[in-house]
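Counting from 1, the numbers follow the sequence of the chain as shown. These figures come from a predicted structure and were not determined experimentally.
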Amino acid sequence: MNTTNFKRFTLAGALGIALAVTGCAKGKDDQMAYDVCLAAAKKDAKLGKAAFSSREQSNIQASTGDSGIRVNIPYELGGKQGLYQCIADKQPDGSYKVTF
């Protein structure tokens with residue numbers, strides 16, 4: 001393997017490790033954002049008794065800026081389906097807080 005190929009191989013490996021680590025953190029952040037949004041949904045006077053979908057069935061994605069995560073949780077209440085929408089922002093201590 002020549003020097004150029006070795007550098008490419010090393011760079012690709014480092015990038016792969018960085019992506020793997022970032023992916024793990026994202027999964028943890030997604031779970032934390034889902035948890036605070038689900039707690040907020042259950043406290044809602046109109047939706048508190050709804051049957052909410054699991055994290056895997058919800059749509060969780062990056063929102064405004066790096067700290068916000070948009071969480072859309074499907075639910076069923078009284079035979080009708082709906083969607084609880086929430087934005088959770090990461091706090092300085094690493095926790096999440098519902099901001100919308």
Side-chain angles (χ1 to χ4, degrees):
M1 178 181 300
N2 66 32
T3 307
T4 302
N5 286 340
F6 180 75
K7 287 179 184 177
R8 287 181 186 161
F9 179 76
T10 304
L11 180 60
L15 181 59
I17 290 170
L19 289 174
V21 170
T22 302
C24 292
K26 182 170 176 11
K28 181 180 175 185
D29 287 338
D30 285 357
Q31 183 65 52
M32 291 171 62
Y34 171 81
D35 290 343
V36 298
C37 287
L38 180 61
K42 288 182 176 182
K43 289 180 185 177
D44 186 291
K46 294 179 184 179
L47 301 177
K49 295 182 181 181
F52 293 95
S53 295
S54 68
R55 174 182 166 237
E56 294 76 22
Q57 296 167 325
S58 299
N59 183 349
I60 303 171
Q61 55 189 302
S63 184
T64 55
D66 292 336
S67 65
I69 296 179
R70 181 179 303 275
V71 180
N72 296 312
I73 306 173
Y75 67 86
E76 185 175 329
L77 179 63
K80 296 181 180 180
Q81 295 184 348
L83 186 66
Y84 182 81
Q85 298 179 313
C86 168
I87 294 178
D89 281 327
K90 192 167 192 173
Q91 303 301 296
D93 67 357
S95 66
Y96 279 83
K97 179 181 175 183
V98 173
T99 57
F100 175 79

Residue pair [X] / [Y]: nearest heavy atoms and the distance that separates them:
{"X": "A88", "Y": "V36", "answer": "CB-CG2, 3.8 Å"}
{"X": "F52", "Y": "K42", "answer": "CE1-CG, 3.9 Å"}
{"X": "D30", "Y": "R55", "answer": "CB-NH2, 3.6 Å"}
{"X": "S58", "Y": "Y34", "answer": "OG-CE1, 3.6 Å"}
{"X": "K46", "Y": "L77", "answer": "O-CD2, 3.2 Å"}
{"X": "Y84", "Y": "A40", "answer": "OH-CB, 3.6 Å"}

Separation between [atom1] of [X] and [atom2] of [Y], rounded to the nearest 0.5 Å:
{"X": "I60", "Y": "M32", "atom1": "CD1", "atom2": "CE", "value": "12.5 Å"}
{"X": "F100", "Y": "C37", "atom1": "CZ", "atom2": "SG", "value": "11.0 Å"}
{"X": "N59", "Y": "R70", "atom1": "CG", "atom2": "CZ", "value": "9.5 Å"}
{"X": "S95", "Y": "D35", "atom1": "OG", "atom2": "CG", "value": "12.0 Å"}

With the 4.5 Å side-chain cut-off for hydrophobic clustering, are L83 and I87 part of the same group?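 Different clusters: L83 never reaches I87 through Ile, Leu, Val, Met, Phe, Trp or Tyr contacts under 4.5 Å.
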
Tell me if a side-chain donor or acceptor on Q91 pairs with a main-chain N or O of D89 at a distance below 3.5 Å.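 Side chain of Q91 to backbone of D89, a donor-acceptor pair under 3.5 Å: yes, one is there.
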
Is the number of heavy atoms from other residues, nucleotides or ligands under 6.0 Å of Q81 CD greater than 12?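 No.
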
